[in-house]
> 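Once you've had a glance at the structure underneath, I'll fire off some questions.
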Amino acid sequence: MENIEHIGIAVLDFKQAIPLYERLLNTKCYKQEEVESENVVTAFFKSGNNKIELLQATSEESAIAKFISKKGEGIHHVAFSVEDIHAEMTRLKKEGFRLLNETPKNGADNKLICFVHPKDASGVLIEICQDI
Ligand code: CMX
């Protein structure tokens with residue numbers, strides 16, 4: 001794996017969370033995008049070389065809605081960039097990690113993505129992502 005590509009933060013309501021993160025990071029949200037397949041809307045911020053992704057659920061079925069109902073708002077996942085997502089998925093499987101999708105999915109911000117089960121990563125949901 002390479003750099004941390006972004007940190008995903010689950011929030012209840014963009015109306016409050018976007019202005020809050022704009023004030024916190026002292027930068028404007030540069031992009032909002034819906035990912036229908038994941039039942040989420042996303043909002044992105046850049047801070048130095050770092051990227052923050054806010055995630056709000058669009059349905060009760062969303063992983064974000066379930067996460068917030070169980071744990072409350074907070075860090076939902078850490079995403080690492082990879083050059084070859086298929087090769088990295090094969091490597092992770094060989095190492096015994098449970099992948100949450102068998103083939104790469106389309107994620108926000110022009111990425112192919114795959115998740116590793118949080119129970120296999122000390123309680124942290126890990127995403128790997130490759131630029132499309
Ligand atoms: N981080 C850490 N732990 C998490 C977690 C997360 N984000 N989400 C769930 N868990 C924990 C739960 O607390 C639970 O732990 P306990 O058994 O100790 O209570 C355990 O994992 C199983 O969770 P669950 O609620 O029983 O199962 P879910 O049906 O909620 O599934 C997960 C959890 C991770 C498998 C599912 O959310 C998933 O497949 N996630 C990947 C897809 C995703 O998160 N999409 C949204 C973001 C999309 C994007 O970035 O574009």
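We count ligands from 1, going down the list as the structure has it; atoms in each ligand are counted the same way. No experiment lies behind these values; they were computed from the predicted model shown. Start at 1 with the first residue, then count along the sequence.
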> To check your reading of the model: name the closest protein heavy atom to atom 32 (C) of ligand 1, its residue, and the distance in Å.
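Nearest protein contact, heavy atoms only, for atom 32 (C) of ligand 1 is Leu100 CD1, 4.3 Å.
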> With heavy atoms of His77 as the reference, note each atom of ligand 1 found under 4.0 Å away.
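Selected atoms, number and element: 50 (O).
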> Could you walk me through whether Val116 and Leu125 pass the side-chain contact (heavy atoms from CB on, under 4.5 Å) check?
CA-CA 6 Å; Val116 176; Leu125 178 63; over 6 Å; no
> Under 3.5 Å, is there a donor on one side chain and an acceptor on the other for Gln130 and His86?
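His86 and Gln130 do not have a side-chain donor-acceptor pair below 3.5 Å.
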> Does the residue Gly123 have a heavy-atom contact with ligand 1, meaning some pair of atoms that are separated by less than 4.0 Å?
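Flag set, Gly123 near ligand 1.
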> Inspect the contact between Lys93 and Glu102 and indicate whether a charged nitrogen and a carboxylate oxygen are less than 4.0 angstrom apart.
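Lys93 and Glu102: salt-bridged.
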> Side chain or backbone of Glu38 under 4.0 Å from ligand 1, or both, or neither, by non-hydrogen atoms?
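Side chain only.
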> Within the 4.0 Å heavy-atom shell around Phe67, which atoms of ligand 1 are there?
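Near Phe67, meaning under 4.0 Å from one of its heavy atoms, ligand 1 has 1 (N), 5 (C), 6 (C), 7 (N), 8 (N).
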> Which of the numbered atoms in ligand 1 are under 4.0 angstrom from any heavy atom belonging to Leu125?
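Per the distance check, 1 (N), 6 (C), 7 (N), 44 (O).
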> Just to confirm my output: which protein heavy-atom neighbour is closest to atom 37 (O) of ligand 1, and how far is it?
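Result for atom 37 (O) of ligand 1: Ala63 CB, 3.4 Å.
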> So does Lys31 pair up with Glu33, basic N to acidic O under 4.0 Å?
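Result for this pair is yes, salt bridge flagged.
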> Checking the N or O distance criterion of under 3.5 Å, is ligand 1 in contact with Lys105?
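By distance alone, the answer is no.
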> Between Lys111 and Glu5, does any side-chain N to carboxylate O distance fall below 4.0 Å?
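Salt bridge present between Lys111 and Glu5.
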> Locate the shortest heavy-atom distance separating Ile75 from Phe67; write the atom from each residue and the value.
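Minimum heavy-atom separation between Ile75 and Phe67: O-CZ, 3.3 Å.
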> Quick test: of every protein heavy atom, which one is nearest to atom 18 (O) of ligand 1, and how far off is it to 0.1 Å?
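Nearest protein contact, heavy atoms only, for atom 18 (O) of ligand 1 is Lys119 NZ, 2.7 Å.
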> So which heavy atom in the protein is nearest atom 49 (C) of ligand 1, and how far is it from that ligand atom?
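Here the nearest protein heavy atom works out to Leu55 CD2, 3.8 Å.
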> Do the rings of Phe44 and Tyr30 sit parallel, tilted or perpendicular, given the 30° and 60° boundaries?
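The arrangement is tilted - the two ring planes meet at 30° to 60°.
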> For atom 24 (P) of ligand 1, which protein heavy atom lies nearest, and how many Å away is it?
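Answer, as residue, atom name and distance: Lys70 NZ, 3.7 Å.
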> Between the side chains of Glu38 and Lys105, is the shortest nitrogen-to-carboxylate-oxygen separation below 4.0 Å, so that they form an ion pair?
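Salt bridge: yes.
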> Please check whether His117 reaches ligand 1 - meaning an N/O of the residue sits under 3.5 Å from an N/O of the ligand, judged on distance alone.
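His117 vs ligand 1: no N/O contact under 3.5 Å.
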> Closest non-hydrogen protein atom to atom 9 (C) of ligand 1, residue and atom name please, with distance?
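I find the closest protein heavy atom is Pro118 CG, 4.4 Å.
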> Distance to 0.1 Å, residue and atom name: give those for the protein heavy atom nearest to atom 28 (P) of ligand 1.
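Protein heavy atom with the smallest distance to atom 28 (P) of ligand 1: Lys66 CD, 4.4 Å.
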> Flag atom 39 (O) of ligand 1 as yes if some protein heavy-atom distance to it falls below 4.0 Å, otherwise no.
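Answer yes: something from the protein, a heavy atom, is under 4.0 Å.
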> If we count only non-hydrogen protein atoms and require a distance under 4.0 Å, does atom 22 (C) of ligand 1 qualify as touching the protein?
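No, there is no protein heavy atom closer to it than 4.0 Å.
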> How about His117 and Phe97: are their ring centroids closer than 6.0 Å?
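Judged by ring-centre distance (under 6.0 Å), His117 and Phe97 do not meet the cut-off.
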> Ring of Phe45, cation from Lys28 - is the NZ or CZ under 6.0 Å from the centre and inside 45° of the axis?
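The answer is no; the distance or angle limit is not met.
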> What protein heavy atom is closest to atom 7 (N) of ligand 1, reported as residue, atom name and distance in Å?
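Protein heavy atom with the smallest distance to atom 7 (N) of ligand 1: His76 O, 2.9 Å.
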> With heavy atoms of Lys71 as the reference, note each atom of ligand 1 found under 4.0 Å away.
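So the atoms of ligand 1 that pass are 3 (N), 4 (C), 13 (O).
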> Does one hydrophobic cluster hold both Leu100 and Leu55, with members joined at side-chain heavy-atom distances below 4.5 Å?
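Not linked; separate clusters.
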> What atoms of ligand 1 come closer than 4.0 angstrom to any heavy atom of Glu127?
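By the 4.0 Å cutoff, the relevant atoms are 50 (O).
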> Taking heavy atoms and a distance under 4.0 Å, where does Thr42 meet ligand 1: side chain, backbone, both or neither?
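None of Thr42 does.
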> Do Ile113 and Leu99 share a hydrophobic cluster, counting only Ile, Leu, Val, Met, Phe, Trp and Tyr and linking them when any side-chain heavy atoms are less than 4.5 Å apart?
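The answer is no; the residues belong to distinct hydrophobic clusters.
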